[in-house]
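In what follows, a single structure is set out as structure tokens and then discussed.
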Amino acid sequence: MLTYIVLLGPPGAGKGTQSKVMANELNLPHISTGDIFRENIKNGTPLGRLADTFISKGQLVPDDVTIAMLRERFTQSDCKNGTILDGFPRTPTQADELEILLNSLGGRVNLVLFITAPVESLIERLAGRWTCKAGGHIFHESFNPPKKKGVCDIDGSELFQRDDDKAETVLNRIEIYKKQTSPLIQYYTERGLLVEINGFESIEKVSAQVMAAVQEAKNSQP
Ligand code: ADP
Ligand code: AMP
């Protein structure tokens with residue numbers, strides 16, 4: 001059965017947006033390490049205070065901290081039938097650790113969706129991104145506007161703009177992605193798991209590509 005799906009791609013490619021679509025369609029939990037860090041920052045936990053020192057500069061949170069947090073999330077029972085992993089792994093070390101973790105659960109990464117988009121469009125998307133405080137639902141002021149400005153269509157909570165979506169931090173995040181995360185393209189290509197998705201289309205068209213890739217991966221499983 002197709003269970004563990006990883007979304008890979010630069011910041012702003014549409015990983016969170018497509019994760020929410022897939023989580024609904026496939027009835028799997030959406031695990032976003034960025035969301036878990038932001039929740040910890042909001043609650044002022046020690047993990048949140050530590051993570052914030054890296055996130056505010058657009059840097060990755062160190063592997064040991066991030067891996068421990070993901071391991072902890074995987075102790076919850078909703079992960080046992082699979083998950084949509086959004087923003088994890090982001091380094092080859094994290095990918096190795098994910099393999100070990102899933103092995104111990106009798107699973108493995110079944111599919112990696114690599115979403116691409118041109119840099120100018122990533123910058124435009126992040127500059128206009130509005131995220132909901134309660135459920136992390138994602139909007140864009142031009143490309144996917146909420147019905148009422150500043151309010152989430154889905155749960156009515158307030159929308160906010162992320163501090164790390166400021167232009168100077170975004171450029172740093174894109175550089176960090178190129179240096180630290182893009183080696184995962186080869187990592188998962190070598191394992192025959194990577195499917196490239198053209199993220200430079202409407203949200204609906206990208207979702208159609210994503211769901212077609214999921215269906216094809218399901219069909220090709222023994
Ligand atoms: P990521 O999780 O990869 O950083 P998001 O899913 O949060 O990216 O999307 C970044 C921004 O771009 C959001 O404001 C979102 O509404 C918008 N967006 C996502 N996909 C598309 C798309 N295909 N076309 C236009 N805007 C998009
Ligand atoms: P995201 O919500 O996925 O855009 O992540 C926001 C920020 O959280 C990133 O820029 C990183 O600083 C941090 N972060 C999220 N996931 C990871 C990860 N897997 N490894 C390291 N840092 C992460």
Measure the spacing between [atom1] of [X] and [atom2] of [Y] and express it to the nearest 0.5 Å.
{"X": "L28", "Y": "T83", "atom1": "CG", "atom2": "OG1", "result": "7.5 Å"}
{"X": "N24", "Y": "S19", "atom1": "CG", "atom2": "OG", "result": "11.0 Å"}
{"X": "I100", "Y": "D96", "atom1": "CD1", "atom2": "CG", "result": "6.5 Å"}
{"X": "L122", "Y": "E124", "atom1": "CG", "atom2": "CD", "result": "10.0 Å"}
{"X": "Q209", "Y": "K205", "atom1": "CD", "atom2": "NZ", "result": "10.0 Å"}
{"X": "Q186", "Y": "L184", "atom1": "CD", "atom2": "CG", "result": "10.5 Å"}

Within a strict 4.5 Å, meaning less than it, do heavy atoms of the [X] and [Y] side chains meet?
{"X": "V112", "Y": "V195", "result": "no"}
{"X": "D63", "Y": "Q180", "result": "no"}
{"X": "D153", "Y": "H137", "result": "no"}
{"X": "M69", "Y": "I36", "result": "yes"}
{"X": "L113", "Y": "Q18", "result": "no"}
{"X": "N198", "Y": "V206", "result": "no"}
{"X": "L50", "Y": "V65", "result": "yes"}
{"X": "V170", "Y": "D164", "result": "no"}

Kindly indicate whether a cation-pi arrangement holds for R162 with F160, taking the cut-offs as under 6.0 Å to the six-membered ring centre and within 45° of the axis.
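Negative - R162 is either too far from the ring of F160 or too far off its axis.
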
With the threshold set at 4.0 Å, does a side-chain nitrogen-carboxylate oxygen contact exist between [X] and [Y]?
{"X": "E97", "Y": "R71", "answer": "yes"}
{"X": "D78", "Y": "R73", "answer": "yes"}
{"X": "D52", "Y": "R49", "answer": "no"}
{"X": "D165", "Y": "R129", "answer": "yes"}

With clusters defined by side-chain heavy atoms of hydrophobic residues (ILVMFWY) lying less than 4.5 Å apart, directly or transitively, does [Y] cluster with [X]?
{"X": "Y177", "Y": "L85", "result": "yes"}
{"X": "L47", "Y": "L70", "result": "yes"}
{"X": "F114", "Y": "V6", "result": "yes"}
{"X": "I174", "Y": "V61", "result": "no"}
{"X": "L8", "Y": "I67", "result": "yes"}

[X] [atom1]: over 12 foreign heavy atoms closer than 6.0 Å:
{"X": "N27", "atom1": "CG", "result": "no"}
{"X": "Q161", "atom1": "CD", "result": "yes"}
{"X": "E141", "atom1": "CD", "result": "yes"}

By the definition side-chain contact (heavy atoms from CB on, under 4.5 Å), identify the one residue from I176, T66, T33 that meets it with L60.
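By the side-chain contact (heavy atoms from CB on, under 4.5 Å) criterion, L60 pairs with just one of I176, T66, T33: I176.
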
Any donor and acceptor pair, going by atom type alone, linking the side chain of [X] with main-chain N or O of [Y] inside 3.5 Å?
{"X": "K15", "Y": "G87", "answer": "no"}
{"X": "S121", "Y": "A117", "answer": "no"}
{"X": "T169", "Y": "G58", "answer": "no"}

Test side-chain contact (heavy atoms from CB on, under 4.5 Å) on R38 and S32 and set out the steps.
CA-CA 10 Å; R38 280 185 289 278; S32 154; 4.3 Å; yes

So which heavy atom on [X] is nearest to which on [Y], and how close?
{"X": "P89", "Y": "A95", "result": "CB-N, 3.5 Å"}
{"X": "R90", "Y": "T181", "result": "O-OG1, 2.8 Å"}
{"X": "Y4", "Y": "G107", "result": "CE1-CA, 4.3 Å"}
{"X": "P146", "Y": "K149", "result": "CG-CA, 4.4 Å"}
{"X": "G16", "Y": "D86", "result": "CA-OD2, 3.3 Å"}
{"X": "Y187", "Y": "P92", "result": "CE1-O, 4.2 Å"}

Is there a side-chain contact (heavy atoms from CB on, under 4.5 Å) between T116 and F200 once you walk through the steps?
CA-CA 7 Å; T116 60; F200 194 42; over 6 Å; no

Sequence neighbours excluded - ring pair (Phe, Tyr, Trp, His ring centres under 6.0 Å) pairs with any residue from residues 52-95
none

Start with the C-alpha distance between L193 and L111, add both sets of side-chain angles, then the distance that settles side-chain contact (heavy atoms from CB on, under 4.5 Å), and finish with yes or no.
CA-CA 5 Å; L193 293 171; L111 175 65; 6.0 Å; no

Verify the distance criterion only: is there a donor paired with an acceptor across the side chains of T45 and N43 at less than 3.5 Å?
no

E99 side chain to N103 side chain, donor-acceptor N/O pair below 3.5 angstrom:
no

Could you walk me through whether L171 and I123 pass the side-chain contact (heavy atoms from CB on, under 4.5 Å) check?
CA-CA 8 Å; L171 292 177; I123 294 168; 3.7 Å; yes

